[in-house]
Amino acid sequence: MMDITSLSASRLAEAVKNGEVAAEAAAKAYFDRIEKLEPTIKAFLAVAKDSALDQARLLDRNRKNGEKLGALAGVPVALKDNLQLKGVETTCGSKMLKGHIAAYDATVTERLKKADAVIVGKTNLDEFAMGSSTENSAFQKTTNPWDPACVPGGSSGGSAAAAAARLCAFSLGSDTGGSIRQPAAFCGVVGLKPTYGLVSRYGLVAFASSLDQIGPFTRTVEDAALALSVIGGHDPLDSTSAVNAPPAVSPAPKDLKGLRIGLPKEYFIDGLDPEVEKSVRGAVEVFKSLGASVVEVSLPHTKYAIASYYIIAPSEASSNLARFDGVRYGFVDRSASTLEEVYEFTRGAGFGPEVKRRIMLGTYALSAGYYDAYYSKAQRVRTLMARDFKEAFKDVDVIVAPTTPTPAFRFGEKTADPVAMYLSDVFTIPSNMAGNASLSLPCGLSAKGLPLGVQLIADVFQEERLLSVARAFEAAKPFPRLAY
Ligand code: GLN
């Protein structure tokens, strides 16, 4: 019998379209795995089994009636729980939104549905996408499918774990400072952060609006390209949406002759885990063997990435999260007796400690007298970081770097020290600051059997090139596979 959950999303869609596999059988195969593995992995905050099976049966009927099915025919997809799925709770991993039912679909949700994907559920995340381990979720701890003692990364830890453990064919997450690429590296899957503006943010609960991007977690690069081709492209409902269309899915190139790769010297530093360094350098050898040339490049403002991100992101978050006031959405503290108390008690009890820390940081950085010293200065540093990339992309086509300084860490290892947690994103934040395209690919396993990731970064709207280079790599060095 065919093992449906081992098929790629692309292959499954094809099989459903030509009648080899029924969409209902595909959905059932995934729900069987969810039932078996979810008690340990805990990737989902909500599983939408009934609606998914109904949707799958409808697709099968439509196909029998001669209808042409969409690009994701019968493909089970999971959504990070900060993406709106109409009629289902959107909690953002926060007590604040417990009970909040989405009144509409996010643009990405709508596009997935239109392509005949089957939505299987909503995945766990760090509260309001703030964190690097998913330990900041108000509800549960998601474990890493490769080692249950380790975190899956974050903030899209549930989506990364679900894609890795084959609890869905692929999933969507959001990346503000690394929240797709870092958990993708920790869980051994492909994680794509598209260029800012390529994917509509309509229906994504905003964290830091100038940095947030939605992207897919997949088990193959082709699937990342397929997912992007469905969710990407202009959307009038998002004023920052670009006019650019996403690239069409194209075949893997035979070689990478003529490709110029840059290794940023600021990314190969003290504190980079030797196993991570070794596997990234191994990946570079693969690129060379495919015909690419490699030079060193410099991104001199990398050292300011974390400091400036932790001004900009909290500033935007403090403004975005002001809407959670106990009146409009979800949770309200009923012991309040005045309006002021409604705000105070609701926000006091509804938000967790990391979210409060960010709101305080951001409110301080934006206050009169400090705005110039902090926020405006951080924005200027951001421009310098974007210029670093522009300079480097004059000489190279793609930058190759580690995704994370270390492999997945253990639960509790970094919770006592927020700054240690923040450092997990030192290599991913620069791409959000510059708004360019980047992805993480699995490039090996550590001695303890944990996945290691390599990051590829391309200039804005160079997704086609990025994905094509990644496909060549995947063909030359197949990704490690989970043993179960
Ligand atoms: N870990 C980073 C943070 O906590 C990035 C989160 C994200 O990309 N959503 O802000």
Side-chain angles (χ1 to χ4, degrees), residues 79-83 92-94 123-138 142 151-160 171-187 191-194 196 199 201 204-217 305-321 351-362 365 378 382 403-406 408-409 413-415 417-440 453 455:
L79 300 175
K80 184 177 182 177
D81 198 25
N82 58 359
L83 293 165
C92 290
S94 180
T123 59
N124 196 21
L125 68 158
D126 284 303
E127 186 174 4
F128 287 102
M130 296 172 189
S132 301
S133 66
T134 312
E135 291 166 290
N136 292 338
S137 165
T142 299
V151 303
S155 63
S156 319
S159 281
S171 56
L172 295 187
S174 63
D175 191 312
T176 305
S179 282
I180 293 175
R181 291 159 290 158
Q182 186 257 21
F186 281 13
C187 292
L192 169 66
K193 183 203 85 70
Y196 184 78
V199 178
R201 293 182 292 110
L204 163 69
V205 179
F207 162 12
S209 312
S210 77
L211 300 159
D212 298 342
Q213 254 304 273
I214 299 169
F217 291 91
I306 302 261
S308 46
Y309 173 87
Y310 278 97
I311 296 293
I312 294 171
S315 295
E316 294 183 15
S318 72
S319 162
N320 277 326
L321 271 56
F351 289 137
E354 185 59 31
V355 173
K356 286 181 186 159
R357 180 155 38 234
R358 308 269 179 124
I359 292 173
M360 284 193 280
L361 253 167
R382 179 177 186 175
T403 307
T404 57
T406 65
F409 44 88
E413 210 177 304
K414 296 184 198 257
T415 38
D417 179 359
V419 176
M421 192 71 91
Y422 297 171
L423 289 172
S424 308
D425 297 313
V426 58
F427 302 138
T428 46
I429 283 173
S431 271
N432 301 81
M433 295 294 240
N436 59 27
S438 48
L439 57 73
S440 179
Q455 185 180 202

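Residue numbers count from 1 along this sequence. We count ligands from 1, going down the list as the structure has it; atoms in each ligand are counted the same way. Keep in mind that the numbers below use all heavy atoms, side chains included, and drop hydrogens, waters and symmetry copies.
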### Task
May I ask you to list the atoms of ligand 1 that are less than 4.0 angstrom from any heavy atom of M130?
4 (O)
### Task
Indicate yes or no for a side-chain donor-acceptor contact from D126 to the backbone of E135 under 3.5 Å, with no hydrogens or angles considered.
yes
### Query
Can you find an N/O atom of G177 closer than 3.5 Å to an N/O atom of ligand 1?
yes
### Query
Sub-3.5 Å donor-acceptor pair from the side chain of N432 to the main-chain atoms of D175, do we have one?
yes
### Message
Yes or no: does S155 have any heavy atom under 4.0 Å from an atom of ligand 1?
### Response
yes
#### Entry: Distance-minimising heavy-atom pair for S308 and M433
OG-CE, 3.3 Å
### Query
Polar-atom distance check: D175 versus ligand 1, any N or O pair below 3.5 Å?
no
### Task
Going by heavy-atom distance to atom 6 (C) of ligand 1, choose the closest among A208, S424, S179, P314.
S179
### Query
Any N/O of K80 closer than 3.5 Å to an N/O of ligand 1?
no
### Task
Could you pull out, from R358, M421, E354, the option with a heavy atom nearest to atom 4 (O) of ligand 1?
R358
### Query
Do you see a donor-acceptor pair shorter than 3.5 Å between the side chains of S159 and K80?
no
### Heavy-atom pair of closest approach, residues S156 and S174
OG-O, 3.2 Å
### Query
Passes side-chain contact (heavy atoms from CB on, under 4.5 Å), Y309 versus R382? Steps please.
CA-CA 8 Å; Y309 173 87; R382 179 177 186 175; over 6 Å; no
### Message
Polar contacts were defined as any N/O atom of the residue lying under 3.5 Å from an N/O atom of the ligand; does this apply to A129 and ligand 1?
### Response
yes
### Query
Backbone, side chain, both or neither: what part of Y309 comes under 4.0 angstrom of ligand 1, heavy atoms only?
side chain
## Note on the structure
In terms of heavy-atom contacts, Y196 and L211 come closest through CE1-N, 4.1 Å
### Query
When you look for heavy atoms under 4.0 Å from ligand 1, do you find them on the side chain of D425, its backbone, both, or neither?
side chain
## Note on the structure
S132 heavy atoms within 4.0 Å reach ligand 1 at atoms 1 (N)
### Query
With only distance considered, is F207 within less than 3.5 Å of ligand 1 through an N or O on each side?
no
### Summary
For G131, the atoms of ligand 1 under 4.0 Å from one of its heavy atoms are 1 (N), 2 (C), 3 (C), 4 (O), 6 (C)
### Query
Is there a donor-acceptor contact under 3.5 Å linking the side chains of T404 and Q182?
no
## Note on the structure
Note: ligand 1 atoms sitting under 4.0 Å from heavy atoms of Y310 are 2 (C), 3 (C), 4 (O), 10 (O)
### Task
Considering non-hydrogen atoms only, spot the tightest contact between L172 and L79 and give its length.
CD1-CD2, 3.9 Å
